[in-house]
Amino acid sequence: MRSDYCGQISSHDIGRQVSVCGWVGRRREHGEHLAFIDLRDHTGIIQCVVQGTHGLHSEYVVKITGTVSPRPEGTSNKDLATGEVEITNCEVEVLSKADSPPFSISDRIEVEENVRLRYRYLDLRRNKMQHHLRMRAKVNSLLRHSFESQGFTEVETPLLWTPTPEGAREFVVPSRMKPGSFYVLPQSPQIAKQLLMVGGLDRYYQIARCLRDEDLRADRQFEFTQLDIEASFVTQQDILDFVTQAVIDVVSEITGISIESIPILTWEQSMELYGTDKPDLRFDMQIVDLTAIFKDTQIKAFQANSIKGIKVPSSCPLSRSKLDNLVAKAKEMGAKGLAWFKAVDSEDGVVLESPLAKHLGELESKALIEAFGIEPLETILIVADEISLTRNILGNLRNELGEPDPEKPSLCFAWVVDFPLFEGFDEDGNLISGHHPFTMPNLEDFHLIDSDPLSVRSQSYDLVLNGWELGSGSIRIHRDDIQSKIFSVLGISSEQAQERFGFLLSAFSFGAPPHGGFALGLDRTIALLAGEDNIREVIAFPKTSSGFDPMTQAPKPISPQQLKLLSLVPIKDEALD
RNA sequence: GGACCUGUGGUGCAGCUCGGAGUGCACGCCGGCCUGUCAAGCCGGAGGUCGCGGGUUCAAAUCCCGUCAGGUCCGCCA
């Protein structure tokens, strides 16, 4: 039907008879003898010179056959890849008429996302969306290639899985054949891939859809895609190496940026220096511990377990009203207050200005200036509280105030390792898994599991990029004794464990290789590579933040017949309370 | 479950503080003119339940209450 793509015609084609197909973009009419039509396909735009308008309108689908000709002198268009040429002597065939679209197909036009989603098929015609989806496909392809060359085998796992009541809320699928019973859609292929290791697959990977019925966010959809891997007879370092290699392959091919290695931070370092387990390393602004400096302070607000601060550079000047805003924000996050000290020049060198300045001892002032190497116009922000709060609040302020440092790479990856095995205790006094119940403890710490469980580290790790968590993984428990102990401290009885994960434990009893794995969130990865801060921009058909699809109107009620077939009876709202 | 922001012809906005006739801008659409445009240009035109419901008022896009939808965040996401 066509001989060429619109965007690929160039001066090399001059004189050729070509047929191109696509959508009518802008038209420029000059009376009945001359009109220009921009014909668009996914490769770009070519200008077609026609006599009269042929009744063409925006988004008509046409086939144009004509001769590639050089444009007359002075009429070339540098903004167009095909701007040196045009198609003349055109024969136009309308393949499909089109209603006037609700918005123009142009990257220049801003349209409310709701409207874009209702007409997603039109939105997808836009250059930006085409680019994102094609880049996404390229990333998938590169990842497949990278893992296959590292000895991994792609295996598909079931979407109709069995309920494992732990962690995220599951999407439930009623069984027609067994009334009253349900499948669930997998939160991730976690257990399936461990079974593949028991099954001797050795190294598995899959570009897997995962489903979690939790509230949506800019970086979270109900369904999302993970590059999921698992490998046998490996250490944590092996897994980091596999993934690092894949990241290097993908980033270099997609962005041209060459990464040599990915720095490794311990969880403790990350929390101490950046106040978060997903640090944005595109800028420094590290958190400094000031507890020692203020251990004998007269300042009442600083009499706390943990005192920490960050230095805000002079490039981010903080007016009094901005400071007031920051104080309010810190309080919203649970701080009792936020102290600030502004460095100013004086006859005696740098001095600190602050409502607290007069209470600040001379030694404290000196130590503070020294600790931060502070210079005029810089501001120190200080929080004094329990350590988890000082870290968390300063970490948030750091993210709010920090700007990517032009000296640093635009993509700053980091591994965060040695996460705590447990997050804390639930209301029944049982420990809560940091990652999941199959995560291998750090065996150096395992003896502390009863005396000081919260200080037990795990063999788990996150990959972080520019302050986003891209993925996480762990070495899994393959030993009975350790798994039993973990279930026990999590408050899962052996009966409960049997009921929930019996098939997995049974599998492990038949010879489980040591194994571990990782899952990389592809939506987030691709959004970051595309320079988007919302994953909906790299998903063909996403849902709104209330889980609605404006195009299909899903979710919708189903018919009484369907309900009956599934043995389901809707209950009225008031019956729920 | 909670907080904040947004909702005005097909699209994007202004108007809202301080109530006075659906007032305005840009794009698109329809018609006319136009033989080298390319975000074409010029002339004319059509197009509105100001998200929805209630209240205050002589009078509501504007003030108040409620509600729906969208966005961002908190909770949640082993």
Side-chain angles (χ1 to χ4, degrees), chain A residues 25-40 45-53 57-59 69 71-80 82-83 86 88 98-119 122-123 164-170 187-188 190-191 210-222 224 328-329 332-334 392 396 399-400 419 421-424 426 430-439 458 460 469 472 474 486 490 492 500-501 519 521 533-534 536 543-548 550 553:
Chain A
R26 294 189 166 276
R27 291 151 292 139
R28 294 171 292 280
E29 296 171 23
H30 293 258
E32 54 185 309
H33 298 296
L34 178 67
F36 301 98
I37 291 169
D38 288 342
L39 189 68
R40 184 193 71 242
I45 287 171
I46 181 77
Q47 173 166 283
C48 303
V49 186
V50 295
Q51 282 208 328
T53 60
H57 296 276
S58 285
E59 301 309 311
S69 309
R71 292 200 184 186
E73 185 140 7
T75 63
S76 66
N77 182 351
K78 288 188 209 65
D79 298 332
L80 218 53
T82 60
E86 60 193 8
T88 56
D99 291 341
S100 167
F103 53 87
S104 337
I105 311 305
S106 159
D107 284 346
R108 252 191 286 270
I109 308 265
E110 294 255 335
V111 186
E112 198 179 276
E113 198 178 2
N114 207 15
V115 178
R116 293 174 56 202
L117 291 183
R118 184 154 74 237
Y119 303 97
L122 295 180
D123 192 40
T164 51
E166 281 280 327
R169 198 175 297 121
E170 295 164 321
Q187 304 166 30
S188 80
Q190 180 60 39
I191 294 176
C210 306
L211 300 108
R212 296 179 187 172
D213 189 3
E214 298 289 352
D215 285 1
L216 277 43
R217 287 282 194 284
D219 62 352
R220 274 166 28 194
Q221 285 272 303
F222 284 150
F224 59 98
K329 278 211 175 101
E332 264 173 49
M333 291 185 271
N392 181 251
N396 276 310
N399 278 338
E400 172 136 356
F419 275 73
L421 187 60
F422 303 109
E423 268 173 4
D426 66 17
N430 295 312
L431 287 157
I432 302 167
S433 281
H435 190 55
H436 58 59
F438 315 112
T439 304
S458 65
S460 67
E469 179 194 324
S472 62
S474 63
I486 297 294
L490 292 175
I492 302 173
R500 290 185 201 172
F501 320 111
D533 51 18
N534 192 311
R536 293 190 297 270
K543 306 216 171 8
T544 69
S545 67
S546 60
F548 181 69
Q553 305 283 301

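Side-chain atoms are counted along with the backbone in the values below, which use heavy atoms only and exclude waters and symmetry mates. These figures come from a predicted structure and were not determined experimentally. Convention: sequence-line order gives letters A, B, ...; per-chain numbering from 1.
- Figure legend. B:rC76 is base-paired to no nucleotide; pairs are counted as Watson-Crick or G-U wobble with both atom distances under 3.5 Å.
- Nucleotide B:rU57 forms a pair with no other nucleotide shown, judged by Watson-Crick or G-U wobble geometry with both contacts under 3.5 Å.
- The partner of B:rU67 is B:rG51, judged by Watson-Crick or G-U wobble contacts that both fall below 3.5 Å.
- Remark: A:R40 engages A:E59 in a salt bridge, criterion side-chain N to carboxylate O under 4.0 Å.
- The side chain of A:V49 sits closest to B:rG36 out of B:rG36, B:rC38, B:rG70.
- Considering only heavy atoms from C-beta on, A:P102 comes within 4.5 Å of A:L122 through its side chain.
- When distances are taken from the side chain of A:Q47 to each of B:rG36, B:rG10, B:rG12, the shortest belongs to B:rG36.
- At whole-Å resolution of the value, CG in A:L216 and C1' in B:rC76 are 12 Å apart.
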Contact list (N/O, under 3.5 angstrom) for nucleotides 26-28 of chain B vs protein:
{"from": "B:rG28", "atom 1": "OP1", "to": "A:R26", "atom 2": "NH1", "distance (Å)": "3.3"}

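- In this structure, A:F548 atom CZ and B:rC68 atom P are separated by 15 Å, rounded to whole Å.
- In this structure, A:R28 reaches the B:rA40 phosphate: one of its side-chain N or O atoms is under 4.0 Å from OP1 or OP2.
- A donor and an acceptor atom sit less than 3.5 Å apart, one in the side chain of A:R71 and one in the base of B:rC38.
- Here A:E59 lies out of heavy-atom contact (under 4.0 Å) with every strand.
- Comparing B:rC38, B:rG75, B:rG71 by their nearest atom to the side chain of A:D38 picks out B:rC38.
- Base pairing of B:rG41: its partner is B:rC33, meeting the Watson-Crick or G-U wobble criterion (both donor-acceptor distances under 3.5 Å).
- Below the 3.5 angstrom threshold, one finds a donor paired with an acceptor across the side chain of A:R217 and the base of B:rG75.
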* To do: Check step by step if side chain to side chain donor-acceptor pair (under 3.5 Å) holds for A:E32 and A:Q51.
  => CA-CA 6 Å; A:E32 54 185 309; A:Q51 282 208 328; over 6 Å; no

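- A:I486 has its side chain within reach of A:F422: a pair of non-hydrogen atoms, C-beta onward, lies under 4.5 Å apart.
- A donor-acceptor contact under 3.5 Å is not formed by the side chain of A:E110 with the base of B:rU11.
- Applying the salt bridge (charged side-chain N to carboxylate O under 4.0 Å, His left out) criterion to A:R28, with sequence neighbours excluded, gives A:D38.
- Distance from the side chain of A:S545 is smallest to B:rG71 among B:rG12, B:rG71, B:rG36.
- In this view, A:R169 and A:E214 satisfy the salt bridge (charged side-chain N to carboxylate O under 4.0 Å, His left out) rule, not counting sequence neighbours.
- On a pure distance criterion of 3.5 Å, no polar donor-acceptor pair joins the side chain of A:E29 and the base of B:rG41.
- Looking at heavy atoms from C-beta onward, A:R27 lies in side-chain contact with A:H57 at the 4.5 angstrom threshold.
- In this structure, A:G434 reaches the sugar-phosphate backbone alone: every heavy-atom distance under 4.0 Å involves primed, P, OP1 or OP2 atoms, never a base.
- Distance A:E112 CD to B:rG51 P: 12 Å, rounded to the nearest Å.
- Atom CD in A:E423 sits about 11 Å away from atom C1' in B:rC77, given to the nearest Å.
- The listed nucleotides are B:rU11, B:rC38, B:rC77; the one nearest the side chain of A:N77 is B:rC38.
- A heavy-atom distance below 4.5 Å is found between the side chains of A:S433 and A:L490.
- Going from atom CD of A:E86 over to atom C1' of B:rG36 covers 8 Å, rounded to whole Å.
- Where A:A218 and A:F36 meet RNA chain B, the nucleotide closest to each residue was compared, and A:F36 sits on the side nearer the 5' end.
- Rounded to a whole Å, the CZ atom of A:R108 is 15 Å from the C1' atom of B:rU11.
- A close approach under 4.0 Å does occur between a side-chain nitrogen or oxygen of A:S546 and OP1 or OP2 of B:rG70.
- Within the nucleic acid shown, A:P72 comes within 4.0 Å of at least one base atom, counting heavy atoms only.
- Here A:R536 lies in heavy-atom contact (under 4.0 Å) with sugar-phosphate atoms only.
- What separates CG of A:N114 from P of B:rG71 is a distance of 7 Å, to the nearest Å.
- OP1 or OP2 of B:rC33 has not a single side-chain nitrogen or oxygen of A:H30 nearer than 4.0 Å.
- Using a 4.5 Å cut-off on side-chain heavy atoms (C-beta onward), A:R212 and A:S188 make contact.
- When the C1' atom of B:rU11 is taken as reference, atom CG of A:L122 falls 13 Å away, rounded to whole Å.
- Pairing for B:rU23 goes to B:rA14, judged as Watson-Crick or G-U wobble with the two contacts each under 3.5 Å.
- Side chain A:N534 to base B:rG71: no donor-acceptor pair is found below 3.5 Å.
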